[in-house]
Amino acid sequence: MAAIALLASSRLMASSRSSTAAQRLSSMSRQFSSTPMTAAEIKKLGVVGAGQMGLGIALVAAQRAEVPVIVVDNSQRSLDKGMAFADKLLSKDVSKQRISQEIADATKKRLTPSTNMQDLSDVDMVIEAVPEIPKLKEDIFAQLAEICPKHAILATNTSSISITKIAAATTKDPTDTSASSRVVSTHFMNPVPVQKGVEIISGLQTSEETVKTAVAFCEKMGKVPSVSADKPGFLANRILMPYINEAVICLETGVGKKEDIDNIMKNGTNVPMGPLALADFIGLDTCLAIMETLHQGLGDSKYRPSPLLRQYVDAGWLGKKSGKGFYDYKS
């Protein structure tokens, strides 16, 4: 997924690196403190979800930020597939002389797969990257609030779900913000190893220090953060998804053929991929889910999902991941 990233202030990076004597406490003492972290103090990262996004986040954090990463997924098969994908990406980078074999080996050593959420009990920050299902994310964050240390940043990679709602799942007492103030969104662009953009979204409960830490750590990962308000679609999808939806409407109403729609945008606006090919890459089910979030959250008919997009999803034609979308991907 592509998005226009706004450069985060360098002052945020500087302030995140300045720490008081109290913030230099050992990891053992911080285990019982709810004081927000700084990027320099994030010594261990957790990632929940070993899919394309989760593995990409873990890989970049291990390589660029040079921190050990625990990758948790309830499917051993997904973990095995993800780790094999990481090996493939690192080997490709070595063969193209982008990185040395030593860096690749060190990166792999920093990645640890696990099927046990309890292994996140000593991380300084965790990034959730599971499918866009609100109940699933809320259940995970309720668990993270119990399992992770009281100082840990709890981040979500959601592309459309309210951060305020996710943060509310961390406590049964809305007046207790000890956990919810540490919830933030770090919405990475896909594919994570390639795209530099990342959205930082704060919920109503999110503290300023949590936002600063998230921005600084993403910069440590080599990313260019953009800060967004907690509104439907945030920045990237508020702009991108209506563009894709309108392209589907053009196809549906016979304004142009799929090749012509994609070619005019590629050759006329210099984007690397046309809107229909991009939708296939993202996943048509994901595009539909985000458009429904925009439509329901904003109540404006201009965000109504294309009926053709809904039909493709109903047919199981989800794009590249299913082998068929607007284009065919099975040889």
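Starting from 1, each residue takes its place in the sequence as its number. No hydrogens, no waters, no symmetry mates; every other heavy atom, side chains included, goes into these values.
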If you measure from [atom1] on [X] to [atom2] on [Y], what distance do you get to the nearest 0.5 Å?
{"X": "L284", "Y": "L318", "atom1": "CG", "atom2": "CG", "answer": "6.5 Å"}
{"X": "L298", "Y": "Q296", "atom1": "CG", "atom2": "CD", "answer": "10.5 Å"}
{"X": "I282", "Y": "L288", "atom1": "CD1", "atom2": "CG", "answer": "13.0 Å"}
{"X": "D260", "Y": "L251", "atom1": "CG", "atom2": "CG", "answer": "10.5 Å"}
{"X": "C148", "Y": "M125", "atom1": "SG", "atom2": "CE", "answer": "11.0 Å"}
{"X": "Q205", "Y": "T170", "atom1": "CD", "atom2": "OG1", "answer": "7.0 Å"}

Verify the neighbour count for atom [atom1] of [X]: are there more than 12 heavy atoms of other residues, nucleotides or ligands below 6.0 Å?
{"X": "K108", "atom1": "NZ", "result": "yes"}
{"X": "K165", "atom1": "NZ", "result": "no"}
{"X": "N270", "atom1": "CG", "result": "no"}
{"X": "F85", "atom1": "CZ", "result": "no"}
{"X": "R64", "atom1": "CZ", "result": "no"}

Identify the two heavy atoms, one from [X] and one from [Y], that lie closest to each other, and give their separation to 0.1 Å.
{"X": "C218", "Y": "P225", "result": "CB-CG, 4.3 Å"}
{"X": "G256", "Y": "I261", "result": "O-CD1, 3.5 Å"}
{"X": "T293", "Y": "S160", "result": "CG2-O, 3.6 Å"}
{"X": "G46", "Y": "L120", "result": "CA-CD2, 3.7 Å"}
{"X": "Y312", "Y": "G325", "result": "CE2-O, 3.3 Å"}
{"X": "A50", "Y": "L55", "result": "O-CB, 4.2 Å"}

Would a distance-only check, ignoring hydrogens and angles, find a side-chain to backbone donor-acceptor pair under 3.5 Å from [X] to [Y]?
{"X": "N157", "Y": "G54", "value": "no"}
{"X": "R182", "Y": "A152", "value": "yes"}
{"X": "K223", "Y": "V192", "value": "yes"}
{"X": "S91", "Y": "K88", "value": "no"}
{"X": "R110", "Y": "V67", "value": "no"}
{"X": "T206", "Y": "V183", "value": "yes"}
{"X": "D328", "Y": "K324", "value": "no"}
{"X": "D285", "Y": "V313", "value": "no"}

Cluster check I244, V255: I/L/V/M/F/W/Y, side chain < 4.5 angstrom: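 The answer is no; the residues belong to distinct hydrophobic clusters.
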I290 reachable from I249 in the ILVMFWY side-chain graph, under 4.5 Å edges: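 I249 and I290: separate clusters.
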Is any side-chain N of the basic residue among [X] and [Y] closer than 4.0 Å to the acidic one's carboxylate O?
{"X": "K212", "Y": "E208", "value": "yes"}
{"X": "K137", "Y": "E132", "value": "yes"}
{"X": "E246", "Y": "K302", "value": "no"}

Working for side-chain contact (heavy atoms from CB on, under 4.5 Å), residues L294 and N237: CA-CA 9 Å; L294 289 172; N237 285 324; 5.5 Å; no
Can you tell if the side chain of [X] reaches within under 4.5 Å of the side chain of [Y], non-hydrogen atoms only?
{"X": "V126", "Y": "V47", "result": "no"}
{"X": "M83", "Y": "L111", "result": "yes"}
{"X": "K150", "Y": "S178", "result": "no"}
{"X": "E219", "Y": "V224", "result": "no"}
{"X": "V48", "Y": "I127", "result": "no"}
{"X": "D230", "Y": "L204", "result": "no"}
{"X": "Q195", "Y": "F188", "result": "no"}
{"X": "V71", "Y": "V69", "result": "yes"}

Audit row: V184, I201, side-chain contact (heavy atoms from CB on, under 4.5 Å) steps and yes/no: CA-CA 6 Å; V184 68; I201 304 103; over 6 Å; no
Worked check of side-chain hydrogen bond (donor to acceptor under 3.5 Å, both in side chains) between Q143 and D139: CA-CA 6 Å; Q143 293 180 64; D139 288 347; over 6 Å; no
Does the side chain of [X] come under 3.5 Å of the side chain of [Y] through a donor N or O and an acceptor N or O?
{"X": "T175", "Y": "D173", "answer": "yes"}
{"X": "S207", "Y": "T210", "answer": "yes"}
{"X": "D124", "Y": "H151", "answer": "yes"}
{"X": "T156", "Y": "E128", "answer": "yes"}
{"X": "E199", "Y": "S185", "answer": "no"}
{"X": "E252", "Y": "S306", "answer": "yes"}
{"X": "D73", "Y": "S75", "answer": "no"}

Trace of the salt bridge (Lys or Arg N to Asp or Glu O under 4.0 Å) decision for E292 with R310: CA-CA 10 Å; E292 287 176 333; R310 195 180 299 278; 2.7 Å; yes
Criterion side-chain contact (heavy atoms from CB on, under 4.5 Å) on N74 and T115, from CA distance to verdict: CA-CA 5 Å; N74 60 7; T115 56; over 6 Å; no
Test: K258 cationic atom under 6.0 Å from Y327 six-membered ring centre, within 45° of axis: yes
From CA spacing to verdict: side-chain contact (heavy atoms from CB on, under 4.5 Å), F217, L45: CA-CA 11 Å; F217 187 73; L45 179 71; 4.3 Å; yes
With sequence neighbours excluded, residues passing side-chain hydrogen bond (donor to acceptor under 3.5 Å, both in side chains) with D280: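 Counting only residues at least two positions away or on another chain, D280 forms a side-chain hydrogen bond (donor to acceptor under 3.5 Å, both in side chains) with Y329.
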